[in-house]
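Each remark here refers to the structure printed beneath this line.
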Protein chains: 2
Amino acid sequence: MAGRSALQKEKTVKLSDVARHAGVSPMTVSRVINGEANVRSSTKERVLESVAALNYKPNLSARALAGNRAYKVALLYGNPSAFYLSELLVGALEEISRHGHQLLVQKVSESASEEKVEDSLSSLIGEYDGVIVPPPLSDYASVRDFLLENDIPAVFLSGLSGSGRNRKICIDDYAAAKEITDYLIELGHERIGFIKGNPNQFSTGERLRGYKDALAAHGLAFDKKLIVRGLFTYDSGLKAARKLLAMAPRPTAIFASNDDMAAACLAVAASEGLKVPTNLSVVGFDDSPLASAVFPRLTTVKQPLAEMAAGAINSLLDLIGSAQVVGANQSELVKMKYKIVLGASTSAPPASS
Amino acid sequence: MAGRSALQKEKTVKLSDVARHAGVSPMTVSRVINGEANVRSSTKERVLESVAALNYKPNLSARALAGNRAYKVALLYGNPSAFYLSELLVGALEEISRHGHQLLVQKVSESASEEKVEDSLSSLIGEYDGVIVPPPLSDYASVRDFLLENDIPAVFLSGLSGSGRNRKICIDDYAAAKEITDYLIELGHERIGFIKGNPNQFSTGERLRGYKDALAAHGLAFDKKLIVRGLFTYDSGLKAARKLLAMAPRPTAIFASNDDMAAACLAVAASEGLKVPTNLSVVGFDDSPLASAVFPRLTTVKQPLAEMAAGAINSLLDLIGSAQVVGANQSELVKMKYKIVLGASTSAPPASS
DNA sequence: TGTGAAAATGGTAGCGCTACCATTCTGACG
DNA sequence: CGTCAGAATGGTAGCGCTACCATTTTCACA
């Protein structure tokens with residue numbers, strides 16, 4: 001009944017084979033494989049050669065069983081957008097496969113109460129060597145504290161960060177928001193609406209701050225009424241856009257805190273007979289697939305998600321102590337480079353304005 | 001240096017603990033856990049009770065090591081859209097966690113030549129007990145044949161299917177396409193443009209067939225010129241839409257084989273000053289996030305991706321022989337229910353038509 | 001050149017589970 | 001009521017690797 005795993009070609013090369021081939025003990029091979037210190041470099045080289053010669057691949061199950069380590073890393077998954085998750089996933093997978101670990105995606109039920117989150121977290125303790133935490137999970141103090149208390153190596157993408165066994169990788173949301181606002185101002189816009197993101201996320205505040213500072217830097221007055229709430233969802237964007245476009249005088253540009261809401265602005269503009277960008281400029285944030293699948297293509301900010309994920313993997317393995325991680329950035333906070341993507345949704349404001 | 005996996009709370013319950021608790025040998029427990037035959041039902045019950053009482057969870061690593069099985073399933077990943085992949089992932093993860101297996105996402109570099117695909121496939125033989133193959137990978141004859149030849153349990157989502165150790169789960173693309181075309185016809189459309197999908201995918205043909213048959217069923221003439229090529233990408237949709245909208249007389253509706261291309265139609269229509277749906281109706285396929293983030297919201301076909309993925313997991317475990325899979329559908333081909341989602345992108349054609 | 005501490009290496013005993021075979025039990029049948 | 005096939009159960013030997021400790025080697029310094 002129980003079926004075997006599919007064919008097995010040449011019989012598997014095991015650690016002891018490598019040891020024999022290199023003329024050392026299995027233990028020494030193990031040490032080399034695991035990048036432990038106290039192995040003479042000449043020995044190390046010899047072993048590495050044998051590893052290559054025999055094309056040895058360590059058996060993860062045996063490793064995990066004997067070593068009482070999981071060799072697994074979890075990518076927590078609250079409910080970011082599909083795009084965000086899968087970009088992350090791809091980057092992380094690619095990187096982790098280089099390190100002989102496994103990446104599992106773990107859903108963390110993000111129910112109303114933060115307490116519940118803790119429940120689902122605790123069930124995965126011991127299952128993994130470390131976790132990667134994207135927003136919005138990374139914004140929950142309870143998540144951060146839980147990981148901290150239990151000394152679980154973690155890398156946060158955006159969001160909070162702590163001081164224990166964790167790191168944080170993100171872009172500079174503030175700078176990006178400031179730069180894209182600068183861009184609008186330089187086009188000539190003076191009344192720029194801003195749609196906030198979900199207040200439970202750290203980046204929401206950062207982006208708003210960037211917007212405000214850009215205005216200030218150009219000597220433009222900050223009008224509180226131009227700031228409207230949003231939740232990063234398309235629907236919330238619709239409401240926000242309607243509110244902004246109903247104002248008199250109307251803003252000549254809108255900076256939505258993400259692309260979904262920016263797309264909503266486009267929809268509202270269209271339904272109200274406003275041409276984008278002629279009558280209204282719109283910018284978003286994220287460069288999601290949506291940004292290039294709406295008309296006109298959105299001007300937005302691109303985060304290097306795949307690279308961030310790869311960086312997260314490296315940092316995490318470093319944190320875990322899995323050695324072999326060369327060039328991992330040791331610092332607690334790594335800021336990646338974002339990029340402003342110019343679309344067709346922005347132009348100078350109408351002359352009449 | 002090497003860090004332990006995080007805390008370990010109560011010491012792990014092992015199989016032998018259960019055996020002692022139930023007053024049987026470890027082997028018997030193992031048999032029960034693995035759902036093997038030849039265990040008296042009274043014994044089985046007793047063991048199951050002990051398992052529950054001690055909250056025993058088998059150690060995957062030990063199982064894999066001793067049993068020479070992987071307890072792992074791969075979700076192959078060519079390059080479907082982010083949305084498609086992550087929907088699948090979520091459904092599959094949820095289901096597989098119930099069965100004590102692991103789901104790994106495996107990128108299969110989908111390079112120009114199908115041969116290359118085979119290379120990357122062969123590297124994962126023996127690593128997994130089975131694979132789930134979504135499109136476009138599921139459409140490659142080479143992939144199907146390879147899996148067949150090597151007797152690797154596989155479940156295909158859409159695409160091809162074979163006759164060996166594999167199953168196929170999909171919706172009835174033909175019926176869905178026919179139904180949504182019917183809908184357009186019933187609204188009064190007679191000149192309906194059709195944008196084909198990527199010819200390398202099975203569903204492309206099915207959708208076209210559904211379109212044709214709907215026309216025929218309503219006694220409408222089939223005009224070859226109304227069929228234009230597409231590749232499921234937004235850009236290909238732009239081209240196709242321009243071509244269709246340049247025709248005279250213009251079609252009053254467009255059926256794009258997926259939402260990305262439908263969104264492109266919206267963009268082209270907007271740029272040419274056509275109001276959707278007043279002057280042009282547009283329908284898509286997939287109900288991707290895009291469908292509800294464009295203006296107007298697309299009328300489209302929703303596939304139950306998460307359920308399909310869950311079904312795929314069940315079928316696969318059944319195929320593998322992992323027992324315990326109750327109610328798995330044994331048939332080679334399972335068709336899931338699709339749903340027509342009515343959006344605001346469709347209406348009766350302009351009276352002038 | 002002797003000495004001791006640290007560096008380098010090796011031996012052994014499992015990790016928790018299942019394959020394989022041996023053994024015991026059951027019950028239908030002569 | 002003995003017999004024996006088949007069902008039910010148990011014992012044992014590893015799967016491939018690493019933890020832990022013992023042993024050997026190295027080398028700076030007296």
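Bear in mind that the values here come from a model prediction, so they are computed numbers and not experimental data. Proteins come first, then strands; the chains are lettered A, B, ... in the order of their sequence lines, and each starts at number 1.
At a threshold of 4.0 Å, the pair B:R20-B:D17 counts as salt-bridged, since one of the basic side-chain nitrogens sits closer than that to a carboxylate oxygen. Here A:D318 pairs with A:R167 in a salt bridge; the nearest charged N to carboxylate O distance falls below 4.0 Å.
Neither OP1 nor OP2 of D:dC17 sits under 4.0 Å from any side-chain N or O of A:S16. For D:dA8, one of the phosphate oxygens OP1 or OP2 lies less than 4.0 angstrom from a side-chain nitrogen or oxygen of B:N38. Between C:dG16 and B:Y71, no contact under 4.0 Å exists linking OP1 or OP2 to a side-chain N or O. A close approach under 4.0 Å does occur between a side-chain nitrogen or oxygen of B:R63 and OP1 or OP2 of C:dT18. The phosphate of C:dG10 has OP1 or OP2 within less than 4.0 Å of a side-chain N or O from A:T28. Contact check, A:S30 against D:dT18: a side-chain N or O comes under 4.0 Å of OP1 or OP2.
Nearest approach of B:L137 to B:G78, heavy atoms of both residues: CD2-N, 3.4 Å.
The CE atom of B:M27 sits 17 Å away from the P atom of C:dT24 (whole-angstrom rounding). Taking atom CG on A:L15 and atom P on D:dC15, their separation rounds to 13 Å, with Å as the unit. Straight-line distance from the CD1 atom of B:I33 to the C1' atom of C:dA19: 17 Å, rounded to whole Å. Here D:dT18 presents its C1' atom at 12 Å from CG of B:L65, a figure rounded to the nearest Å. Rounded to whole Å, atom C1' of D:dG16 lies 19 Å from atom CZ of B:R69. Rounding to whole angstrom units, CG of residue A:N68 and P of C:dC15 are separated by 11 Å. To the nearest angstrom, C1' of C:dG16 lies 11 Å from CG of B:L60. C:dG16 atom P lies 12 Å from atom CZ of B:R20, rounded to whole Å.
Listed candidates were C:dT9, C:dC17, C:dT26. Nearest to the side chain of B:K14 is C:dC17. Side-chain proximity of B:T12 to C:dG16, D:dT9, D:dC17: nearest is C:dG16. Distance from the side chain of B:A66 is smallest for C:dG16 among the nucleotides C:dG16, D:dC21, C:dC15. When each of D:dG16, C:dT9, C:dG16 is scored by its nearest atom to the side-chain atoms of B:A62, the top-ranked nucleotide is C:dG16.
For the residue pair B:K57 and B:N59, no side-chain donor N or O sits within less than 3.5 Å of a side-chain acceptor on the partner.
When heavy atoms are screened at a 4.0 angstrom cut-off, B:P58 is found touching the sugar-phosphate backbone but no base atom. Residue contacts shown for A:T43 are limited to sugar-phosphate atoms, with no base heavy atom under 4.0 Å away.
Between the NE2 atom of A:H21 and the CZ atom of A:R46 there is a distance of 11.5 Å, given to the nearest 0.5 Å.
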